[in-house]
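Proteins come first, then strands; the chains are lettered A, B, ... in the order of their sequence lines, and each starts at number 1.
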There are 2 protein chains.
Amino acid sequence: MTDRRANRLEQALRDAGVRVTRQRSALLRVIAAAEDHPDAAELHARAVTAGAGVSLATVYRTLTTLQAQGVIDKLEFQGEPARWEAADQHHHDHMIDMDSGAVIEFTDERIERLQAEIAAEMGYDIVHHRLELYVRRR
Amino acid sequence: MTDRRANRLEQALRDAGVRVTRQRSALLRVIAAAEDHPDAAELHARAVTAGAGVSLATVYRTLTTLQAQGVIDKLEFQGEPARWEAADQHHHDHMIDMDSGAVIEFTDERIERLQAEIAAEMGYDIVHHRLELYVRRR
DNA sequence: GTGTTTGCAAAATCTTTGCATGACG
DNA sequence: CGTCATGCAAAGATTTTGCAAACAC
């Protein structure tokens, strides 16, 4: 089922003239199956566990490629290695529970609208944004 | 005038039992005088230019110390080395002009309020947050 | 075929740290 | 003076890259 999604992504890559190698295919599958936000080392470990022979260098190169294709998003939380998530979901921001480390996704249309408004007032268009709430259970 | 602010900060450090060394004093002055958002290497360069003998390792250690004292804030924009700013200003967020690299500060009470509201609804208190708008002139 | 991608190991970048020496309070 | 801070150089952590071999299309 996540494989169906991975297959769709592979086709998109081929259509964009990007070669679908064994390694890229494996990584697409790992990313499509991930329900969390893994970093490069974790994705590498999962790919290897899944039986894919792939080097860490290739993982990094592939992540860059997939990001350029708009297939995945890069998350850079404070001081951690970068994490990644599939991009084919609806837009959302992140809330990080500082005690458990859990990452919670959320969206708020009002905030989105305000951001665009503020940028526009100053003569800018938003290319992308980053909103992270570092929180603690009350 | 920024020296007055630096002196005030030095006193606060002493009161907190933190030694005010020649190096820390110099860095406080450089930070108080900065109108931009320099990284560690840049702060080091400015301190050295100002005639202070200080090593890069000490700059890093000092930044950590000053942050722990709540005197400076750490900014981590996408993929760049960390930047720093004096903390004794009113809270604000950052807009990054992707073409010029300029960092623009802004605040919006409505966004602040919404963030707190969203966190509260999910049973959390915000410890701190990060809002960055990556923008382009329209 | 042939231009891309991979693996490996080496390098780049930013940041932290161990240890002997020096200096603040 | 005792303790804490510094400098240096070496190590850490993450990410990038040069080059020859392997592979997708």
> May I ask you to list the residues of residues 26-55 of chain A, by number, that have any heavy atom positioned under 4.0 Å from an atom of DNA chain C?
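Only A:Gly53, A:Val54, A:Ser55 qualify.
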
> Please determine, by modelled atom types, if B:Thr62 and B:Thr65 share a side-chain donor-acceptor pair under 3.5 angstrom.
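No, no side-chain donor-acceptor pair sits under 3.5 Å.
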
> I'd like to know if A:Arg14 and A:Glu10 make a salt bridge, using a cut-off of under 4.0 Å between side-chain N and carboxylate O.
yes

> Does any donor atom in the side chain of A:Glu105 or A:His37 lie under 3.5 Å from an acceptor atom in the other side chain?
yes

> Between B:Met98 and A:Ile126, is there a shared hydrophobic cluster once you connect ILVMFWY residues whose side-chain heavy atoms come closer than 4.5 Å?
no

> Determine, using the 4.5 Å side-chain heavy-atom cutoff (strictly less than), whether A:Trp84 and A:Leu9 are members of one ILVMFWY cluster.
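Both belong to a single hydrophobic cluster.
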
> Measure OH/B:Tyr60 against P/D:dA9 and give the value in whole Å, please.
17 Å

> Could you tell me whether A:Arg138 sits above the aromatic face of B:Tyr124, with NZ or CZ closer than 6.0 angstrom to the six-membered ring centre and within 45 degrees of the axis?
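Verdict for B:Tyr124: no cation-pi partner in A:Arg138.
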
> Assuming nearest nucleotide by heavy-atom distance, tell me which of B:Ala57 and B:Gly17 is located more 5' along DNA chain D.
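Mapping each residue to its closest nucleotide by heavy atoms, the 5'-most match is B:Gly17.
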
> With the threshold set at 4.0 Å, does a side-chain nitrogen-carboxylate oxygen contact exist between B:Asp15 and B:Arg8?
no

> Output one line per pair: protein atom, nucleotide atom from nucleotides 20-25 of chain C, and distance, for all N/O pairs under 3.5 Å.
{"from": "C:dC24", "atom 1": "O2", "to": "B:Arg19", "atom 2": "NH1", "distance (Å)": "3.2"}
{"from": "C:dG25", "atom 1": "OP1", "to": "B:Val20", "atom 2": "N", "distance (Å)": "3.1"}

> Aromatic rings A:His129 and A:His91: how do their planes relate, parallel, tilted or perpendicular, breaks at 30° and 60°?
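Correct class here is tilted.
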
> Roughly how many Å is it from CG in A:Leu56 to C1' in C:dT6, rounded to a whole number?
13 Å

> Check whether the side chains of A:Gln11 and A:Asn7 place a donor and an acceptor atom closer than 3.5 Å, and report yes or no.
no

> Working note: A:Arg136 + A:Asp99, criterion salt bridge (Lys or Arg N to Asp or Glu O under 4.0 Å); need CA distance, chi angles, decisive distance, verdict.
CA-CA 7 Å; A:Arg136 232 186 269 286; A:Asp99 296 315; 2.7 Å; yes

> With a 4.0 Å limit, can you tell me whether A:Arg24 has a side-chain N or O closer than that to the phosphate oxygens OP1/OP2 of C:dT5?
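Yes, A:Arg24 has a side-chain N/O under 4.0 Å of OP1/OP2 on C:dT5.
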
> Can you pull out the residues from residues 75-84 of chain B that lie within a 4.0 Å heavy-atom distance of DNA chain C?
B:Pro81, B:Ala82

